Student: 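Pasting in a structure now, in structure tokens, and then I'll have a few things to ask.
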2 protein chains.
Amino acid sequence: MPTTLYDPPELTAGTLRIVPLGGLGEVGRNMTVFEYGGKLLVVDCGVLFPEEHQPGVDLILPDFEPIKQRLDDIVGVVLTHGHEDHIGAVPYLLKLKSDIPLIGSGLTLALVEAKLKEHRIKPFTLTVAEGQRENLGPFELEFVAVNHSIPDALAVAIRTPAGLVLATGDFKMDQLPLDGRITDLRSFARLGEEGVDLFLVDSTNADVPGFTPTERSIGPVLDQVIGKAPRRVVVASFSSHVHRVQQVLDAAAAHGRRVAFLGRSMVRNMTIAEDLGYLKVPDGVLIDYKKARDLPDDQIVYMSTGSQGEPMAVLSRMANLDHAIEPGPGDTVILASSLIPGNENAVYRVIDGLTKLGANVVHKGNAKVHVSGHAAAGELLYCYNILKPRNVLPVHGEYRHLMANARLAQDTGIPAERTLLAENGTVIDLRDGIAEEVGQLDLGFVYVDGSTVGEITDADLKDRRILGEEGFISVIVVVDATTGKVISGPEVHARGFAEDDAVFEDVKPKIAAALAEAAQSGVRDQHALSQVVRRTIGRWVNQSLRRRPMIVPLVIEA
Amino acid sequence: MPTTLYDPPELTAGTLRIVPLGGLGEVGRNMTVFEYGGKLLVVDCGVLFPEEHQPGVDLILPDFEPIKQRLDDIVGVVLTHGHEDHIGAVPYLLKLKSDIPLIGSGLTLALVEAKLKEHRIKPFTLTVAEGQRENLGPFELEFVAVNHSIPDALAVAIRTPAGLVLATGDFKMDQLPLDGRITDLRSFARLGEEGVDLFLVDSTNADVPGFTPTERSIGPVLDQVIGKAPRRVVVASFSSHVHRVQQVLDAAAAHGRRVAFLGRSMVRNMTIAEDLGYLKVPDGVLIDYKKARDLPDDQIVYMSTGSQGEPMAVLSRMANLDHAIEPGPGDTVILASSLIPGNENAVYRVIDGLTKLGANVVHKGNAKVHVSGHAAAGELLYCYNILKPRNVLPVHGEYRHLMANARLAQDTGIPAERTLLAENGTVIDLRDGIAEEVGQLDLGFVYVDGSTVGEITDADLKDRRILGEEGFISVIVVVDATTGKVISGPEVHARGFAEDDAVFEDVKPKIAAALAEAAQSGVRDQHALSQVVRRTIGRWVNQSLRRRPMIVPLVIEA
């Protein structure tokens, strides 16, 4: 996107500065930095999952550049809830400075601590609950209950002398949630009365008309499908979706079935959720996976990961008969999950594989087995009306989501100039009830690949795309260092190009001739000779085969 | 998929043999071969578009292997309609034998002839219309009108002494089509009375409940959006969707706007459609693109390609400001098209880009601007009930679609053993009113890449996936041919791996040491030395960086 970069002014006394480092113009890596009086407060620190134009990348982090030199000024990181796109980058931040305090609800911190353990980091934490107030440096924080697709999510109100900010985190407004913990509109109303100067609000579903149905509506569908299933049942969902799993446990119990958890993250998260009391396991329902296989087929439900078609997860492996549980006729597989854009092909491959094995596959395309975790347009209108914020910053979403959210704000009477459409790196200052853009920083994507962080660049990804689309041809020639004469080669090898290297017999004499000509005109430089090779074979491949592989010429002097 | 291959028996007199070469277990490259009395009839000959696990591939063809030695036996190719997944592979078949006759409707043949012209092939053609009967060798053909998302689509009834077969091609049952040409259920009823022995039926939407809405329902929506648009309007759709374009022309005319076609295939196809009378252009509505730019903004509609986010098509280029028409605030862009699974990320990138430029983007997610071209479950039930076929072969679809279609057939009373779930290469014999599987051929994917056909193999694609995910590292070492001692190198280069080759300084001594050790124990073989290099650097990369790039070792003797 063509963004004009410009430096913000010095931050003056009495002004609150807000800089989103991630989550704007994308769904993921949510992270926002608040600065007041020389101190920094971070809200969320998540990861983004790569798309197909970022091949081989494991994770994408927010660009920590603006805070790297100011780690000692950070008073804490507030984590609104335990989803990867809000907590996944915490280990990478704490690798820079391990004693930055983490603030969040019980479940959120338990999930982030389990993750940090894998990175061998033991964090400083402060557990908070809805209604609680805490002062961190110049920031007075108040936590407000919100409802989302994971329990124990919190919005955070941030008071400084510059004004009152409310950041929702991810939320929706299920009026009949399983755990009775609704988004606390009474507190929203009270904050509205006090006067919200800036409202940072979840935009994920802002372009979805109406209202998100209640999570509770899925229960009867699960109950019916599991009740009718003649043999084994496999349910796949997100491994942090405690309430979805709760409904599966309840349905299983109602039909005399036992439940075994499958998949590392499912087992880990549900153990945490049960230990902390978020998951209420009906007596005797859980069974160890290894023992479950001895039960009759109509007495078992497997609760597994892999609902997005992830190739290494349990469900994909079942569909490929690469798992101890091999689905067959009479078995039922339920994908109680969303279909995240970009995953369609992978998910449909899994559905087709399972169908082909004879399983009955139930998914959101043919049954009401999923509801979203985000507030739709109708719910957002309630928020704007009850809060009447002075300024709005739509966050968490692609540009179209942010834009749709801004329009909703404007529909409730908030002036267009008070709805800020920002990007990652936009610097926003709040002062005297006015929030405005005062700078634009240059932020990048930080790629995690294997154990490397930030070493893979966009140039590497461009190379990968060319390699992945076209393969490569390498040409090795050994030349005499003094005469430039070809001593050995050209040897031509290709990978990802075509089966048979014999296709290159035609071009070898052309390369030798081009090199001889270059040598005759006095070219000795290895780089220049490499270019001669590259041009010769590149032109030949393009003209004769209409292909554009990467060409890697190597001229060696001997 | 684990399929047991087995050879079919000799084809006996009086038996009709049916072999689908493409379109089963996939959406695309539809092609079925019928054999009777030593002669072959082909129905459709389409292409499949590659998915992300087939990088760099332009097109995928049906595997012609089973008919390659029998080209002289082919009496003709019936083309049911002019979509790429039904006609796209015709040039590649005619390159094997250019005088195979093509049979189809006027529009279908015009579209295939335009395509063949680009390949410099002038085909033998026979234009047919609904109701027409033609004998081709032992096959008595009767053509039946069907309604689809392109005009002039035909089903084909094939009579041989073995029985009556009906193949729908792609179809739906719009009861109020724009051109009044409905799927001819009277003929279906008559064929049903006569007795349909085998019904090959479109499965694309068999898992969609209910009925596909009428194409006509889009008109008022287009009319309203175009009527309210303050400035320029761009409509993107499929370049063969004559009726969609017709509705855009009508809406533009109603609001005093003129229409310019954008994109090579849009201009070509609409010229054909207008010449043949399928597109009725309101007087004076069309305008050349170059002249259109002089019109006031509120008097123009651009009708363009690129509705699937194809990176080189007009719409993507507009979104990237890489087109002479630069969308801005007040402009309206309508994606009057489906969202084909797998294209979501690309399409949403275009929508976000256009939104960011200020355009109002209308698409099937927020307005009723698209209906499908395929019969949904409700329509298919009508077909089964009116035809009462003895045997059913669901075609055109992924396995889940074929399975859903088979279930619909069974719901209407067709026995399960008479609904055939086949794959590409399944050999089906029809005799005495019974169709059954008698063999399974081994068919592959034939990849078109650049000007090469069938040279890229699945092994090449596997290499490409590794290269595209991880990049590669090449290591060149020059060794003395007699002593095995390293003369020069190791030189290590990487692409798509990381920015800086300096990371390899650590491993170079390890490689040299491993080679010295190998030389000392008498290893001289180039291949064996290469393996030493590969193992040494491979282990190092994996352990120190947790990465698995392709490793290309080259040991050169000098």
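Within every chain, numbering begins at 1; the chains are lettered A, B, ... in the order of the sequence lines, protein sequences first and strands thereafter. Please read all numbers here as calculations on a predicted model, not as lab measurements.
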Student: Specify which of A:Ala346, A:Pro55, A:Ala494 makes the most heavy-atom pairs with chain B at under 4.5 Å.
Tutor: A:Pro55

Student: Counting only N and O atoms by type, is there a donor-acceptor contact under 3.5 Å from the side chain of A:Thr355 to the main-chain atoms of B:Arg400?
Tutor: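 Side chain of A:Thr355 to backbone of B:Arg400: no pair is present.
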
Student: When you compare the side chain of B:Val478 with that of A:Ile556, does any pair of heavy atoms fall below 4.5 Å?
Tutor: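 Yes - at least one pair of side-chain heavy atoms lies under 4.5 Å apart.
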
Student: So do the side chains of B:Glu469 and A:Leu467 get within less than 4.5 Å of each other, counting heavy atoms only?
Tutor: no

Student: Walk me through it: do B:Phe472 and A:Val552 pass the test side-chain contact (heavy atoms from CB on, under 4.5 Å)?
Tutor: CA-CA 11 Å; B:Phe472 75 92; A:Val552 185; 3.7 Å; yes

Student: Is the shortest distance from a Lys or Arg side-chain nitrogen in B:Glu52 or A:Arg349 to a carboxylate oxygen in the other one below 4.0 Å?
Tutor: yes

Student: Which answer fits B:Tyr348, side chain, backbone, both or neither, if we ask what part of it has an atom under 4.5 Å from a heavy atom of chain A?
Tutor: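 Interface part for B:Tyr348: both.
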
Student: I would like to know whether B:His493 and A:Leu554 meet side-chain contact (heavy atoms from CB on, under 4.5 Å); could you show each step before the answer?
Tutor: CA-CA 10 Å; B:His493 299 278; A:Leu554 284 160; 3.6 Å; yes

Student: When you measure from the side chain of B:Asp463 to the backbone N and O of A:Arg495, does any donor-acceptor pair fall under 3.5 Å?
Tutor: no

Student: Which bit of A:Leu339 comes within less than 4.5 Å of chain B, counting heavy atoms only: side chain, backbone, both or neither?
Tutor: neither

Student: What part of A:Leu545 gets within 4.5 angstrom of chain B, counting heavy atoms only: side chain, backbone, both, or neither?
Tutor: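 Contact with chain B is through both the backbone and side chain of A:Leu545.
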
Student: For chain B, which of A:Ala459, A:Gly56, A:Ser544 has the most heavy-atom pairs under 4.5 Å?
Tutor: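 Highest number of pairs under 4.5 Å: A:Gly56.
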
Student: So B:His53 and A:Asn345, do their side chains get closer than 4.5 Å, heavy atoms only?
Tutor: no

Student: Decide side-chain contact (heavy atoms from CB on, under 4.5 Å) for B:Glu398 and A:Lys356; before the verdict, give the C-alpha distance in whole Å, the side-chain angles of both, and the deciding distance to 0.1 Å.
Tutor: CA-CA 10 Å; B:Glu398 304 277 1; A:Lys356 193 152 196 182; over 6 Å; no

Student: Can you tell me how far apart CD (A:Glu344) and CD1 (B:Ile340) are? Round to the nearest 0.5 Å.
Tutor: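 If we round to the nearest 0.5 Å, A:Glu344:CD and B:Ile340:CD1 are 12.5 Å apart.
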
Student: From B:Ile476 CD1 over to A:Ser474 OG, what is the distance, rounded to the nearest 0.5 angstrom?
Tutor: 7.5 Å

Student: Tell me, out of B:Glu470, B:Arg465, B:Arg548, B:Met403, who's got the most heavy-atom pairs with chain A below 4.5 Å.
Tutor: B:Glu470

Student: Any side-chain heavy atom of A:Arg547 sitting closer than 4.5 Å to one from B:Asp449?
Tutor: yes

Student: To the closest 0.5 Å, what do you measure between CZ (A:Phe497) and OG1 (B:Thr457)?
Tutor: 12.5 Å

